Amino acid sequence: MLQFVRARKAVVSNASMWDTLSLLPPEAVPKSYQDGIETTQQCESFMHLHLGFDAEGISDDLGIHHIVVNDWDRGVDADQNVVLISVPSVLSPDLAPPGKHVLHAYTPGTEPFEIWEGLDRRSNEYKNLKAERSEVMWKAVEKALGPGFNREKCEVKLVGTPLTHQRFLRRNRGTYGPAILAGKGTFPGHSTPIPQLMCCGDSTFPGIGVPAVAASGAIVANSLVSVTEHSRLLDAIGI
Ligand SMILES: Cc1cc2nc3c(=O)[nH]c(=O)nc-3n(C[C@H](O)[C@H](O)[C@H](O)COP(=O)(O)OP(=O)(O)OC[C@H]3O[C@@H](n4cnc5c(N)ncnc54)[C@H](O)[C@@H]3O)c2cc1C
């Protein structure tokens, strides 16, 4: 059902530049703006592995975060080379049932979308590719957690792919964000050629990452609200 929400001051989008573009009526978008977005290089996507398993046999002094680099010569942005692992139940046992751990492993923005593009998520081809491309994460988890970890005994096993990333995070091609290199380019500003449409988030200055996107939201808020109004709001919330 189509719904209209009317805004008096502005519309602010923190969807990626490609996802924001897809929401705009083409006739409202100047060609140069569209071309700028369509020619911006994208970072690659992700593989994810989410696990739930019994803590028995796992070392009591297991660290929460682990990084496994398979081959330093290939570089940290090579595909299937770096796996980041977090076991948050190490610090917050209430995140899992008593005596269990939860674990998230992922390949950080290094999984090419191309090899997944167009696959039917119910097909055997997709399932086989999932098994093949998740193996690097399983091996990294085995290395980080030691011989007490047994993949066969995991009670929860969920593998996410670039298609998962695209679907559930609603990010074009499951991308990590624009591939704009520090020193070679700058992230776009927050205003757009469409009157009263502003953007924040990881497609805008200062860039990708939680602190950066929070800053971009603050910049947009600053642009829309006067300093006097800021002070009034800060007083109201007691800061
Ligand atoms: C696995 C992983 C690990 C990371 N680790 C770190 C880290 O350790 N430190 C760090 O600083 N950063 C990290 N990042 C990066 C950081 O999470 C992102 O840069 C940041 O969350 C991006 O925020 P955003 O608001 O720009 O975009 P998003 O968080 O993608 O928000 C955009 C929102 O727009 C919504 N949306 C899209 N289309 C529509 C629509 N049509 N209608 C309504 N809503 C829509 C989406 O659902 C989404 O909720 C990590 C990212 C990933 C994927």
Side-chain angles (χ1 to χ4, degrees), residues 1-7 10-26 28-29 37 40-51 63-69 76-77 79-88 90-92 95 102-113 116 133-134 136-137 140-141 144 158-182 186-192 194 197-221:
M1 190 177 64
L2 194 59
Q3 275 190 327
F4 286 92
V5 179
R6 299 205 176 270
V11 172
V12 182
S13 170
N14 77 316
S16 79
M17 58 169 80
W18 303 280
D19 295 292
T20 300
L21 181 65
S22 72
L23 294 170
L24 299 173
V29 181
I37 292 173
T40 300
Q41 295 281 310
Q42 287 185 336
C43 294
E44 300 289 13
S45 188
F46 293 77
M47 289 296 298
H48 295 271
L49 180 64
H50 291 273
L51 301 177
I64 178 172
H65 296 300
H66 309 259
I67 299 179
V68 175
V69 180
V76 292
D77 51 1
D79 77 319
Q80 299 265 290
N81 195 32
V82 176
V83 178
L84 275 67
I85 301 166
S86 299
V87 196
V90 161
L91 290 187
S92 304
L95 289 175
V102 284
L103 178 151
H104 173 217
Y106 65 97
T107 58
T110 54
E111 182 68 6
F113 186 81
W116 299 90
R133 301 291 291 181
S134 61
V136 68
M137 298 182 291
V141 171
L158 295 168
V159 174
T161 73
L163 298 188
T164 322
H165 214 83
Q166 173 176 257
R167 182 175 175 216
F168 288 99
L169 302 182
R170 300 177 81 168
R171 296 187 64 90
N172 183 274
R173 299 172 72 83
T175 180
Y176 183 53
I180 297 171
L181 289 178
T186 43
F187 278 72
H190 307 94
S191 55
T192 73
I194 293 148
L197 172 65
M198 300 197 75
C199 293
C200 63
D202 62 10
S203 282
T204 65
F205 182 84
I208 303 175
V210 173
V213 304
S216 74
I219 292 169
V220 171

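Everything quoted here is computed from the prediction, not taken from an experiment. No hydrogens, no waters, no symmetry mates; every other heavy atom, side chains included, goes into these values. Both counts, for ligands and for their atoms, begin at 1 and track the order of listing.
Relative orientation of the His190 and Phe205 rings is perpendicular, given thresholds of 30° and 60° on the angle between their planes. Note: Tyr176 and Phe46 have perpendicular aromatic rings, judged against thresholds of 30 and 60 degrees for the angle between ring planes.
Annotation: Leu91, atom CG; neighbour count of heavy atoms from other residues, nucleotides and ligands within 6.0 Å is above 12.
Side chain of Ser216 to main chain of Gly201: a donor-acceptor pair is present (N/O by atom type, distance under 3.5 Å, no hydrogens or angles).
Side-chain contact annotation: Trp116 with Gln166, donor-acceptor N/O pair under 3.5 Å absent.
Here salt bridge (charged side-chain N to carboxylate O under 4.0 Å, His left out) pairs that include residues 207-220, with residues two or more places apart or in two chains, number zero.
In this structure, ligand 1 sits under 4.0 Å from heavy atoms belonging to Asn14, Ala15, Leu23, Phe46, His48, Tyr106, His165, Leu169, Arg170, Arg171, Tyr176, Gly201, Asp202, Ile208, Gly209, Val210, Pro211, Val213.
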